[in-house]
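See structure below.
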2 protein chains.
Amino acid sequence: MMRRVTTHDIAREAGVSRTTVSHILNNHPGIMLSLKTRKRVLAAARKLGYVPNSAAQMLVTGRSRTIGLILPRPDLISVDVFVPMMMVGINEACRARGYRLLMEAIQDPADADAYLDLAKSKRIDGLIVINPRKGDAALRKVIESKFPVLIFGSAGHPQENSIATQDGEASCRATTHLISLGHERIAHISYAPLVYLPARKRLEGYRAALKRANLPFHRKLFAEGDFSCESGYRAMRQILALNCYPTALFAGNDTLAMGAMKALGEAGLSIPKDFAVVGYDDIPTAAFTCPPLTTIRSHAFEQGKLLGEAAIALVDGQEIGSQQDVLPLELIIRASCGGKATRKNPAPASLTNL
Amino acid sequence: MMRRVTTHDIAREAGVSRTTVSHILNNHPGIMLSLKTRKRVLAAARKLGYVPNSAAQMLVTGRSRTIGLILPRPDLISVDVFVPMMMVGINEACRARGYRLLMEAIQDPADADAYLDLAKSKRIDGLIVINPRKGDAALRKVIESKFPVLIFGSAGHPQENSIATQDGEASCRATTHLISLGHERIAHISYAPLVYLPARKRLEGYRAALKRANLPFHRKLFAEGDFSCESGYRAMRQILALNCYPTALFAGNDTLAMGAMKALGEAGLSIPKDFAVVGYDDIPTAAFTCPPLTTIRSHAFEQGKLLGEAAIALVDGQEIGSQQDVLPLELIIRASCGGKATRKNPAPASLTNL
DNA sequence: TTGTAGGCGTTATCAA
DNA sequence: TTGATAACGCCTACAA
């Protein structure tokens, strides 16, 4: 292992002082150096393969040019490709601005100081938290410490800086689409327990659409999912078992929707003939299910970029606040909800007492 | 923003010197301190909420306790959940040993020094590279600099430290399974172009199985995929268009398999009645395709953990070398390849002009 | 236009 | 059992 190259070596090689080297390497505005020395120094730096020691830089500047990314439930990363795509977006924004990304997959912190300690360690300049639960204690602590924290979704904290998508509106649109196709008994499976605020917003959007169409909300037609394909499968089975005869499903995410489609198939229902399904996210495989899934496109990568940029802005002292409805979402119509529903609702007498 | 707490503050609070504080906080072996001072110091540290400044630690120790994770093609992270799950595994291993994970999604480095500079910056103690292409120039540079680099897969470099799974053997088993069901014309779609060594190993495993069963390898039954569902769809269509009448497919990954299944469905082939499909990876949704996918379980999370541990071992100076066949893989049999194939090849007339 | 000197917060060596 | 003191490599007033 060879000794590393420092500004000192460059200075010696170029025959100037360390200060001069620093001035040149950092392109200081006020300082005027002769072009000749500048060239000499740069040449020396290149020749020696100089790369600044980031620890020293961090120590003296007090900034690490690193953004921390917290996944409060790392296992969720394996649900589908939504969070990973978002991460790539965040990373891209960071890269473009010369920041790095430190991944911190904190296992639902028993330690309430988990996030705060990370901040205090000066290892990161800012923090992005993806989809925390409402009231997360560790998160509250960092927020209240004034450390720059950007939340995707919301933790329900009054002082939080957060960005979220128009979940409510998009969900309303999706549901309305089903209604416009003639469906009246539309089930909904939330993508997560309702302590996750976006899940709640989607539920509300769904209810708003029903209300606007003067359709009742049936408690039995709703089930809480838990992110995964399997939970979608289970929730759908549960709903089907209740004899509440939905003819359509608005699923809180695409993966859930796939699980639900499996349950529908097993129940002998054919999609979209007997049953319509709409998903959420438009993950890449959504176009390849049988039939292809109608869904809300949530632009994970772009959202990620936005998050990254906002986090850096926050670090730079800009105000962000709670922006709960940025980013419009599109409804992507595919075959899974068919044309006009033929079976215009039902409902046999047995349905009356849901 | 309050001033941060340093060892100095603790020293003052506890009425001792900074040195003593350091000794206690780092639990130095040789040094004996009175229990009383120790307690006083620890109490002061806790009271003040002390967290060491990692930059200072890094600077003086020369170690960052951080592992860098490089994804040579970040876009691939959005293919499916395999890489993300592996990342979570890596992260878990790091967390367990007090390391952090720095994610570096380098966009196919135009800059051949990209990795090396990261290493030189002292920001990381070691590097994990997931699935590089053979001969990656930037990668070769770090490897040759002796910096600890662990590769998942292989870059084909003689001095590389790498870990890979038994791709060849698993692929052979998968193919043999199809053969044992009576299939003789088995197509294969690689999950990636063959500059990716694991893709090559899977192809070889497939060919080995054919050979062992005295079945010929038909060039037309092979197509190169490019990770995604869509590429699987396209490759399958291409194969079907060639009039080469396969009755089964061994797909290089599950997502590809899903795309292929879509193409098969559109061609009027029913799975598993007319056509058998086997995938690779056993991603969580594989059990929920229609029909559920027979596949190779590749234990992404566990592999990730192993990678993380090996990378840290490498940092600690242990030898790793090129371990190209660690980790046994299982064949998970589901419905997508049915029972014994009824249509014992070849092709009924109706299939002739697909 | 260039150089000097001090400090960022730790750890580590050695002396008391 | 403790405490000075010197690095680690870089940045930045300020002085020359």
Side-chain angles (χ1 to χ4, degrees), chain A residues 1-42 44-45 48-65 117 119-123 125, chain B residues 1-42 44-45 48-66 98 117 119-123 125:
Chain A
M1 192 73 72
M2 57 197 157
R3 213 177 64 70
R4 59 179 149 287
V5 180
T6 73
T7 46
H8 203 91
D9 301 314
I10 301 181
R12 209 184 20 222
E13 173 84 18
V16 295
S17 78
R18 266 146 62 246
T19 317
T20 308
V21 172
S22 175
H23 282 150
I24 292 174
L25 257 32
N26 295 304
N27 236 329
H28 274 176
I31 313 287
M32 295 297 157
L33 284 288
S34 76
L35 198 73
K36 210 169 55 189
T37 19
R38 160 167 278 121
K39 284 211 161 148
R40 211 157 23 133
V41 167
L42 290 175
L48 298 175
Y50 171 74
V51 176
N53 177 316
S54 61
Q57 278 180 322
M58 283 164 63
L59 184 58
V60 71
T61 61
R63 314 252 270 110
S64 59
R65 293 193 79 79
D117 285 356
K120 280 194 192 161
S121 80
K122 299 257 112 197
R123 201 181 283 264
D125 296 339
Chain B
M1 192 72 76
M2 54 197 161
R3 213 178 62 71
R4 58 178 150 288
V5 180
T6 74
T7 45
H8 203 91
D9 301 313
I10 301 182
R12 209 182 23 221
E13 173 85 16
V16 296
S17 78
R18 266 145 65 247
T19 315
T20 307
V21 172
S22 175
H23 282 151
I24 293 175
L25 259 33
N26 295 304
N27 237 329
H28 273 173
I31 313 286
M32 295 297 156
L33 282 290
S34 76
L35 201 72
K36 210 168 56 186
T37 20
R38 161 167 277 121
K39 283 212 161 149
R40 212 158 22 138
V41 167
L42 290 175
L48 299 175
Y50 171 75
V51 177
N53 179 316
S54 61
Q57 279 180 322
M58 282 162 64
L59 184 57
V60 71
T61 61
R63 315 254 267 110
S64 60
R65 292 193 79 79
T66 301
D117 285 357
K120 280 195 193 162
S121 80
K122 299 257 111 196
R123 200 181 285 264
D125 296 337

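Heavy atoms only: backbone and side chains are in, while hydrogens, waters and symmetry mates are out. From a predicted model like this one, the values you see are computed outputs, not experimental measurements. The chains referred to below are lettered A, B, ... by the order of the sequence lines, with proteins before strands, and numbering in each begins at 1.
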Can you sort out the partners of B:Ser54 under side-chain hydrogen bond (donor to acceptor under 3.5 Å, both in side chains), two or more places apart, ordered by chain and number?
-> none
Between its two end axes (five pairs each) the helix from C:dT1-D:dA16 to C:dA16-D:dT1 turns, nearest 10 degrees, through 40°
Integer-rounded Å distance: D:dT2 C1' and B:Arg12 CZ = 19 Å
Find the distance A:Lys39:NZ to C:dT1:P and express it as a whole number of Å.
-> 16 Å
Backbone of B:Ala14 reached by a side-chain donor or acceptor of B:Arg40 within 3.5 Å = yes
Could you tell me whether the side chains of A:Arg123 and B:Thr66 share a donor-acceptor contact shorter than 3.5 Å?
-> yes
So, is B:Thr20 near the phosphate of D:dG3, with a side-chain N or O under 4.0 Å from OP1 or OP2?
-> yes
Provide, to the nearest angstrom, the distance between the CZ atom belonging to B:Arg123 and the P atom belonging to D:dC10.
-> 13 Å
Length of the line joining B:Leu25:CG and C:dA12:P, which is rounded to integer Å = 13 Å
Rounded distance (Å) that lies between atom P of C:dA12 and atom CD1 of B:Ile24 | 15 Å
Partners meeting side-chain hydrogen bond (donor to acceptor under 3.5 Å, both in side chains) with A:Ser17 (sequence neighbours left out) = A:Thr20
Heavy-atom nearest pair, A:Leu59 first then B:Leu59, reads CD2-CD2, 3.4 Å
Test side-chain hydrogen bond (donor to acceptor under 3.5 Å, both in side chains) applied to B:Ser121 - qualifying residues, sequence neighbours left out = none
Using whole Å, report how far NE2 of A:His8 lies from P of D:dA7.
-> 13 Å
Going by number, which of residues 49-65 of chain A have a non-hydrogen atom under 4.0 Å from DNA chain D?
-> A:Tyr50, A:Pro52, A:Asn53, A:Ala56, A:Gln57, A:Val60
note: A:Asn26, atom CG; D:dA13, atom C1'; distance rounded to Å ~ 15 Å
Non-neighbouring partners of B:Gln57 that pass side-chain hydrogen bond (donor to acceptor under 3.5 Å, both in side chains), sequence neighbours left out | none
Please determine if a side-chain N or O atom of A:Thr19 lies less than 4.0 Å away from the OP1 or OP2 oxygen of C:dT2.
-> no
Hey, is the side chain of B:Ser22 poking within less than 4.0 Å of OP1 or OP2 on C:dT11, counting only N and O atoms?
-> yes
Side chains of B:Tyr50 and B:Thr7 in contact at under 4.5 Å (non-hydrogen atoms) = yes
Let me know, please, whether A:Arg18 or A:Arg40 comes out on the 5' side of the other along DNA chain C by nearest nucleotide.
-> A:Arg40
Has A:Thr6 got a side-chain N or O lying under 4.0 Å from the OP1 or OP2 atom of D:dG9?
-> no
Within the side chain of B:Lys120, is there an N or O that forms a donor-acceptor pair under 3.5 Å with the backbone of A:Gly49?
-> yes
Using atom NE2 of A:His23 as one end and atom P of D:dC14 as the other, report the distance to the nearest whole Å.
-> 13 Å
